[in-house]
Colleague: 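This is the structure I want to talk about, given as structure tokens.
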Amino acid sequence: MSIVEMLGLNKWFGSFHALADIDLTVAKGERIVICGPSGSGKSTLIRCINRLEVHETGRLIVEGVELTGDDRRDDEVRREVGMVFQHFNLFPHMTCLENCTLAPIRVRDVPRKEAEAAAMRYLERVKIPEQAHKFPSQLSGGQQQRVAIARALCMNPRLMLFDEPTSALDPEMIKEVLDVMVSLAEEGMTMLVVTHEMSFARQVANRIIFMDAGRIVEEAAPKEFFEHPRHERTKLFLSQILR
Amino acid sequence: MIREFTFGEFWYLLLATRWTIVLAVVAFAGGGAVGLVIALMRVSSARPLQLVSMGYIKVFQGTPLLMQLYLTYFGANMFGLQVEPWSAAALAYTLYASAFLGEIWRGSIQAIPRGQWEGARAVALRYPQQLRFVILPQALRIATPPTAGFLVQLLKGTSLASIIGFVELTRAAQVVNNATFRPFTVYALVAAIYFSLCWPLSRLADRLERKLGRDRLAPATRKPQLAQVAIVQGQV
């Protein structure tokens, strides 16, 4: 069964056509990397899935729930979809552990003790259990992003969205975040990743989507995508990004 | 006959000071409650609520407090309601404080980076939960120093209530002065009493500002988040 289904999705920011007739189906366990030049709509695309952006026309069905503008459906979908942001968006007034337990306790009604135990397991999985009682500001960027991943995982999502998760990180911290994402992929998590990390794409993606000017220009398996790109726009992009 | 300024007169002023404090506390509590509603209306996504709260703030910030006092006191009596100076003052100051606190708190809420709302939404918190657990605790830190500062203004501002005959510190001073005819002594003493009330509040405001400034919201997290506001706004 497909986890995400987009049919003829359109979105405008004023007169700017941000998403143009997007058709996309994501199957369970699939790992899709979305790339493209800035302003091509890749972030907007994944932000529509958990309704941080609202599409204007077309249909969008996530986990069997069609997003129509009904708040309850938005919440229903968000409970099953985790998101990791470029700038982490951790809550600075809470410890890392509290960041991780807030939603399970308040949204899923998990008892505090249980939520904390689960959060510690996820913090161990992203290899920073010793930072649990620190505040985000006391951590490095790479550590903060790993906490953000743990926070999303604590809700047991069926799908994880990554919006340029390594773009705000210093080079030496990118690897520690990518390693966590690779291990997540290996465990079978369904993932949609907006990134320019092409080595990551090559390693874990089932499918790479290239976007330009709000459209999906090319869609292929990594080998095909890197070795035989079909469109001129894709070739140009790859030549610029793979120096 | 002119009376001497004795301990009796001083005691009378101190007793009247209670009413200055009570009025300030009532205005702050009432204004705080209404002000929170005003601030939340202002940041809500519902256009009519925004407009109502905007108009409310504009009206009370754009008219003199003295007029608001006159209008509540004489206005209520005009409509046949027998209003005591105390109730009129309590109402007028509550309205006045709510507009200013509403505006201060609106600014504090809007100073929270958009990424915080998105982070809260992404983990499926509902709107009231986003406010309660994520946005308001952070806004509170930003709001505390200006709120304490406004409280000082409010406390001094209660002296205007003397105009409608509410016997607080300033009104009591006029009464004492009329009897003793020692204006310099009386008003210097009254100024000193106001100062002794306001100074600790100012000190508190300063301390809170310094404390909240360096606390958990350390530069390390603030910077990327502030940068992010720009990025999100410029993003397509």
Side-chain angles (χ1 to χ4, degrees), chain A residues 12-14 16-18 38-41 43-44 47 50-52 71-72 74-95 98-100 102-108 135-141 144 148 151-152 154-155 157 161 163 167-169 214, chain B residues 44-47 49 105 108-109 111-145 208 211-236:
Chain A
W12 287 265
F13 289 107
F16 181 81
H17 203 166
S38 73
S40 60
S43 284
T44 308
R47 286 162 59 88
N50 68 345
R51 203 85 174 158
L52 292 184
D71 288 350
R72 274 168 307 178
D74 294 359
D75 289 336
E76 214 174 306
V77 164
R78 284 174 186 154
R79 280 197 288 272
E80 311 303 329
V81 177
M83 187 172 215
V84 175
F85 299 88
Q86 182 177 2
H87 292 283
F88 332 136
N89 298 2
L90 290 173
F91 309 132
H93 58 300
M94 296 180 182
T95 63
E98 288 166 343
N99 264 277
C100 291
L102 175 66
I105 291 172
R106 300 295 167 180
V107 178
R108 292 224 194 270
F135 289 94
S137 58
Q138 297 167 296
L139 272 56
S140 73
Q144 289 189 51
R151 176 176 75 179
C154 281
M155 287 291 281
L161 307 173
D163 189 0
S167 299
L169 298 178
Chain B
S44 82
S45 52
R47 194 78 188 132
L49 293 183
W105 295 346
S108 309
I109 292 171
I112 304 302
R114 200 169 122 181
Q116 290 294 308
W117 289 97
E118 293 186 346
R121 269 192 280 165
V123 292
L125 294 178
R126 283 176 291 110
Y127 185 76
Q129 295 178 317
Q130 294 164 23
L131 277 172
R132 180 173 155 208
F133 298 114
V134 177
I135 303 302
L136 292 184
Q138 296 183 64
L140 184 70
R141 287 157 186 275
I142 300 174
T144 302
L208 288 173
K211 184 164 173 293
L212 298 179
R214 64 172 151 70
D215 237 25
R216 295 171 180 180
L217 295 176
T221 37
R222 298 284 295 173
K223 249 189 254 160
Q225 284 172 352
L226 289 177
Q228 176 189 23
V229 179
I231 290 163
V232 168
Q233 282 167 351
Q235 174 193 343
V236 280

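In what follows, every chain begins at residue 1, and chains take the letters A, B, ... in the order their sequences are listed.
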Colleague: Do B:Gln129 side-chain atoms and A:Arg106 backbone N/O form a donor-acceptor pair below 3.5 Å?
Modeller: yes
Colleague: Less than 4.5 Å apart, any side-chain heavy atom of B:Val123 and any of A:Leu102?
Modeller: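 No. Closest side-chain heavy atoms not under 4.5 Å.
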Colleague: I'd like to check the side chain to side chain donor-acceptor pair (under 3.5 Å) partners of B:Ser44; sequence neighbours left out, ordered by chain and number.
Modeller: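 B:Ser44 satisfies side chain to side chain donor-acceptor pair (under 3.5 Å) with no other residue.
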Colleague: Is there side-chain contact between A:Met94 and B:Pro137, with heavy atoms separated by less than 4.5 Å?
Modeller: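 They are not in side-chain contact.
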Colleague: For B:Gly119 and A:Arg151, which heavy atoms make the closest approach, and how far apart are they?
Modeller: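 That would be CA-NH2, 4.1 Å.
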Colleague: For the residue pair B:Glu118 and A:Phe85, what are the closest heavy atoms and their distance?
Modeller: O-CZ, 3.7 Å
Colleague: Is A:Asp75 close to chain B through its backbone or its side chain, or both, or neither, when contacts mean heavy atoms under 4.5 Å?
Modeller: both
Colleague: Between A:Val81 and chain B, which part of the residue has a heavy atom less than 4.5 Å away: side chain, backbone, both or neither?
Modeller: backbone
Colleague: With A:Arg51, which residues qualify under salt bridge (Lys or Arg N to Asp or Glu O under 4.0 Å), at least two apart?
Modeller: A:Asp74
